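Since the model is a prediction, treat every value here as computed from it, not as a measurement.
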Amino acid sequence: MAEGKMSLPSHFYGRSAIEVARDLLGKILVHQTKEGVTSGKIVETESYLPFNDPACHAARGKTKRNYVMFGKPGRSYVYFIYGNYYCLNAVCEKEGTPAAVLIRALEPQEGISLMQKRRKVKEIKNLCSGPGKLCQALGIKREENDQDLTKGNLVIKPGEEGRVKIIARPRIGIEAGSDKLLRFYIEGSAFISKP
DNA sequence: GACCAGATTGTCT
DNA sequence: GACAATCTGGTCA
């Protein structure tokens, strides 16, 4: 497909989770399924760092669940949480380093009617305003785990870079690492999970 | 083999 | 604003 040419190169992900999280804002996440194409602009992300980060799934070492984070950058890490929802991460840094960026919110673009059908809600701002919501809206399931984000059905493409104002904030409720700004979002977006 | 905790969301007050 | 719902994976015995 032509998407391979359009999508972000793998070296985009070969940097720190903080750099990648910041640069992912304004990019376009596209998922092609047999039902149709859904896409949205990334408006909120969160970084998960290697072993210094207690909140990271990989903080205690490599497991069957988080092995993807130890793999090559530019791949997707999808996990099931709280019995009902999935969360989508983009693996970054380098192979052997468990770093990833959580995609927290999207601004819907293509396939909005399909998202509304999947989510069973009408309001566009409610379609992707959260990690679990956007996965449901884009139809991201366990099958999308460990996919190559530079090619294939699930890709991230460049968007309106430089035209957005980025806000960095510490994550809430986590003491260790609170001195670092690990949550990023686009100022003024109505589609983020938190104001 | 059993128990515990979790990167959330939806619904009720 | 607060709390329950619901399941998978990891840790411990």
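- Residue A:Tyr67 contributes atom OH, which lies 14 Å from atom C1' of C:dG9 at whole-angstrom precision.
- Scanning both residues, A:Leu24 and A:Ile42, for their nearest heavy atoms gives O-CB, 3.5 Å.
- Taking atom NZ on A:Lys62 and atom C1' on C:dT11, their separation rounds to 19 Å, with Å as the unit.
- The distance between atom CZ of A:Arg65 and atom C1' of C:dT11, rounded to the nearest whole Å, is 13 Å.
- OP1 and OP2 of C:dT8 both lie 4.0 Å or more from every side-chain N or O belonging to A:Lys64.
- In the hydrophobic clustering of ILVMFWY residues, with side-chain heavy atoms under 4.5 Å counting as a link, A:Val164 and A:Leu29 come out together.
- Between the C1' atom of B:dT8 and the CD1 atom of A:Ile140 lies a distance of 16 Å, rounded to the nearest Å.
- A:Leu49 has its CG atom 13 Å from the C1' atom of B:dA7, to the nearest Å.
- At a threshold of 4.0 Å, the pair A:Arg183-A:Glu46 counts as salt-bridged, since one of the basic side-chain nitrogens sits closer than that to a carboxylate oxygen.
- If you take CG of A:Asn66 and P of B:dA7, they are 12 Å apart, rounded to a whole angstrom.
- Closest heavy-atom contact between A:Ala21 and A:Thr45: O-OG1, 3.0 Å.
- Rounded to whole Å, the distance from CG on A:Leu134 to C1' on B:dT8 is 12 Å.
- Distance, A:Tyr79 OH to B:dT8 P: 6 Å, rounded to whole Å.
- Side chain to side chain, A:Gln136 and A:Arg118 fail the donor-acceptor criterion of an N or O pair below 3.5 Å.
- In this structure a side-chain-to-backbone donor-acceptor pair under 3.5 Å is missing from A:Ser39 to A:Gln109.
- Using a 4.0 Å heavy-atom distance criterion, A:Tyr77 is classed as a base contact.
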Please write out each protein N/O paired with an N/O of nucleotides 2-7 of chain C under 3.5 Å, distance rounded to 0.1 Å.
residue : atom : partner : partner atom : Å
C:dT6   : O2   : A:Tyr82 : O            : 2.7

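- Here A:Arg104 reaches the OP1 or OP2 of B:dT8: one of its side-chain N or O atoms lies under 4.0 Å away.
- In this structure, the side chain of A:Thr97 does not engage the main chain of A:Ala99 through any donor-acceptor pair within 3.5 Å.
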**Fill in**
Dot-bracket assigned to DNA chain B with the 3.5 Å Watson-Crick/G-U criterion, [ ] for crossing and | for other-strand pairs, is ||||||.|||||.
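- Closest heavy-atom contact between A:Asp23 and A:Arg15: OD2-NH1, 2.8 Å.
- You'll find that the side chain of A:Arg142 is closest to C:dT8, out of B:dA7, C:dT8, C:dG10.
- Considering all non-hydrogen atoms of both residues, A:Arg65 and A:Tyr77 come closest at O-CE1, 3.3 Å.
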